[in-house]
Number of protein chains: 2
Amino acid sequence: MPSTAPAHISASPSVEGAAGSKTLDNGIRILSALARHPHGLTTTQLAHETALHRTGVYRLLGTLTRRGLVTQRADTRYQLGLTMIELAGAVRPDLRATAQVPLRDLAEAAAATAFLSVLDGDEVVSALVVEPLHADAHVAYRIGTRHPATVGSAGLAILSARAAVTGERAEITEARRRGYSISEGELQRGAWGLAAPVRPRTGEIEASVGVVALGALDEPRTAQLVVSTAAAIGNRLP
Amino acid sequence: MPSTAPAHISASPSVEGAAGSKTLDNGIRILSALARHPHGLTTTQLAHETALHRTGVYRLLGTLTRRGLVTQRADTRYQLGLTMIELAGAVRPDLRATAQVPLRDLAEAAAATAFLSVLDGDEVVSALVVEPLHADAHVAYRIGTRHPATVGSAGLAILSARAAVTGERAEITEARRRGYSISEGELQRGAWGLAAPVRPRTGEIEASVGVVALGALDEPRTAQLVVSTAAAIGNRLP
DNA sequence: CTAAACTGGAGCGATAATCGCACCTGAAGT
DNA sequence: ACTTCAGGTGCGATTATCGCTCCAGTTTAG
């Protein structure tokens with residue numbers, strides 16, 4: 001393992017680590033910037049946001065637009081295009097298809113917003129969110145939300161099941177015993193969450209299902225619903 | 001308007017039109033290839049699929065992986081990553097958030113799969129799909145599905161409302177009178193669909209809502225449900 | 001049990017693509 | 001009328017990319 005210094009480090013004092021392909025990385029930075037501003041951005045605004053030059057942004061936007069990843073509105077703003085949804089539809093279709101129906105049943109039974117979250121590095125991303133019918137007050141938990149795995153019931157449920165955490169919070173060992181995790185106000189003020197790990201028959205644990213509500217729910221009852229939903233999903237996975 | 005010939009046309013006999021940035025385009029081609037193969041692909045397979053060289057694919061994958069758009073499984077296969085869902089979550093969040101609840105109500109009332117589709121060029125993409133609870137047989141209509149606007153009720157509803165079609169099918173003018181479109185077996189054998197255009201208070205019509213079922217539903221009743229759902233969504237849009 | 005095939009990965013030079021600048025046009029806003 | 005800000009193009013210098021080669025582990029095949 002000759003830990004040779006990378007030969008391709010350019011003279012640019014990049015803030016982040018060096019990425020393999022600069023042009024592709026610039027394109028992705030544009031996409032990220034647009035994701036942070038759903039209302040849309042102009043080329044000049046994007047240039048500021050990404051620290052690229054306006055003309056470079058313009059040309060990259062051309063490619064992105066031709067591929068449908070970006071669309072130009074009637075005015076002079078660009079925003080993410082529908083092809084993004086198309087591509088995202090191919091992310092773990094098996095897991096999402098399997099969880100769809102059980103998740104909606106869970107949302108109804110618990111009368112709360114139900115979610116499926118997946119571990120991605122040291123963060124979790126909500127891959128599926130289902131709100132119950134006739135929800136009085138709904139928790140704003142958008143699909144695609146990303147946050148640290150150590151914050152919120154969704155991430156804690158996965159971490160505790162993996163038991164691969166070095167500095168274990170009391171909550172984590174406790175959760176491993178119970179089979180579910182609870183969080184209160186960690187992600188959102190006043191939000192109460194309860195989640196359980198999804199255990200596929202083969203392979204590692206990487207997902208969890210749970211519910212969020214604006215106040216604490218009946219813990220034993222909710223836990224039973226969430227845990228059985230997680231088991232139902234896990235048993236249908238490879 | 002000096003229609004000068006583009007100076008940057010490379011000597012490559014590209015099948016499709018020239019794209020602005022070659023490297024970025026190659027990266028997007030990798031994403032598209034991965035979307036077509038949700039099970040994942042190896043670098044060599046990707047090289048074949050995208051007509052790029054293996055080492056180039058390898059380096060682009062490095063960038064994509066670092067950004068989370070691609071993840072590498074335990075084995076040697078790559079697949080689309082969760083950041084894709086994160087980005088897709090920022091695509092027209094207003095429209096999707098507005099339609100979420102009415103759409104689920106529609107699915108329940110009609111006892112059929114309900115969808116929200118958006119026009120993208122001359123194609124439509126399903127942006128939201130909701131299946132009813134206790135569905136006996138569900139229509140496999142995945143989110144992110146893309147198909148020609150002239151095929152299926154979703155696209156026809158938008159086209160007829162726009163009335164910008166040159167070669168108008170009888171179905172289209174008919175639909176404009178009725179306020180909704182019907183299709184039978186156009187997208188899927190045995191699938192019956194009914195959709196109505198979503199008219200925002202300002203701006204162009206670009207979306208439609210509807211239902212799909214495996215057999216024909218009660219047309220008057222379903223049409224009333226779909227049309228009123230479309231109106232409810234449109235009225236809540238800017 | 002060996003050989004072939006394939007994967008991740010690094011080095012390197014030629015080439016081609018990108019970058020940054022200057023410049024132009026048109027639409028708004030003042 | 002003047003300024004501002006948008007999209008858009010041309011061009012040359014630079015540099016990032018490409019394609020090749022080579023290497024070391026792992027599977028897979030024979």
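Predicted model only: the values in this text are computed from it and were never measured. Here is how names work: the chains are called A, B, and so on, in the same order as the sequence lines, proteins then strands, and each is numbered from 1.
- Across all strands shown, N26(B) has heavy atoms under 4.0 Å from sugar-phosphate atoms exclusively, and none from any base.
- Checking R59(A) against T55(A) by side-chain atom types alone, a donor-acceptor pair falls below 3.5 Å.
- Which of dG9(C), dG20(C), dT17(D) sits closest to the side chain of R59(A) comes down to dG20(C).
- Distance CG (L24(A)) to P (dA17(C)): 16 Å, rounded to an integer number of Å.
- As rounded to whole Å, 16 Å separates atom P of dT17(D) from atom CZ of R29(B).
- We find that CG of D75(A) is positioned 16 Å from C1' of dG29(C), with the value rounded to whole Å.
- Here the nucleotide nearest the side chain of H53(B), chosen from dG8(C), dC20(D), dT9(D), is dC20(D).
- Per the geometry, NE2 belonging to H48(B) stands 12 Å off C1' belonging to dC6(C), to the nearest Å.
- The shortest side-chain heavy-atom distance between Y78(B) and T65(B) falls under the 4.5 Å cut-off.
- Taking only side-chain atoms of R54(B), from C-beta outward, the nucleotide of dC23(C), dT18(C), dG9(C) with the closest atom is dG9(C).
- Closest to the side chain of Y58(B), out of dA17(C), dA10(C), dA6(D), is dA10(C).
- T23(B) is listed as a side-chain neighbour of L60(B), based on a closest heavy-atom distance under 4.5 Å.
- You'll find the side chain of T83(A) stays beyond 4.5 Å of the side chain of V125(B), heavy atoms only.
- One can place OH of Y78(A) at 14 Å from C1' of dC5(D), the figure rounded to the nearest angstrom.
- Between L41(A) and G56(B), it is L41(A) whose nearest contact on DNA chain D lies nearer the 5' terminus.
- Among the protein residues, T55(B) comes within range of the nucleic acid bases, having at least one heavy atom under 4.0 Å from a base atom.
- Residue contacts shown for Q72(B) are limited to sugar-phosphate atoms, with no base heavy atom under 4.0 Å away.
- Atom NZ of K22(A) and atom C1' of dC19(C) are 7 Å apart (whole Å).
- Residue S21(A) has a polar side-chain atom (N or O) positioned under 4.0 Å from OP1 or OP2 of dT17(D).
- Among the atoms of the strands shown, only primed sugar atoms or phosphate atoms (P, OP1, OP2) are found under 4.0 Å from some heavy atom of T23(A).
- OP1 or OP2 of dG8(C) has not a single side-chain nitrogen or oxygen of T76(B) nearer than 4.0 Å.
- Regarding L60(B), its CG atom lies at a distance of 12 Å from the C1' atom of dA16(D), rounded to whole Å.
- Taking a 6.0 Å sphere around CZ of R189(A), one finds it holds 12 or fewer heavy atoms contributed by other residues, nucleotides or ligands.
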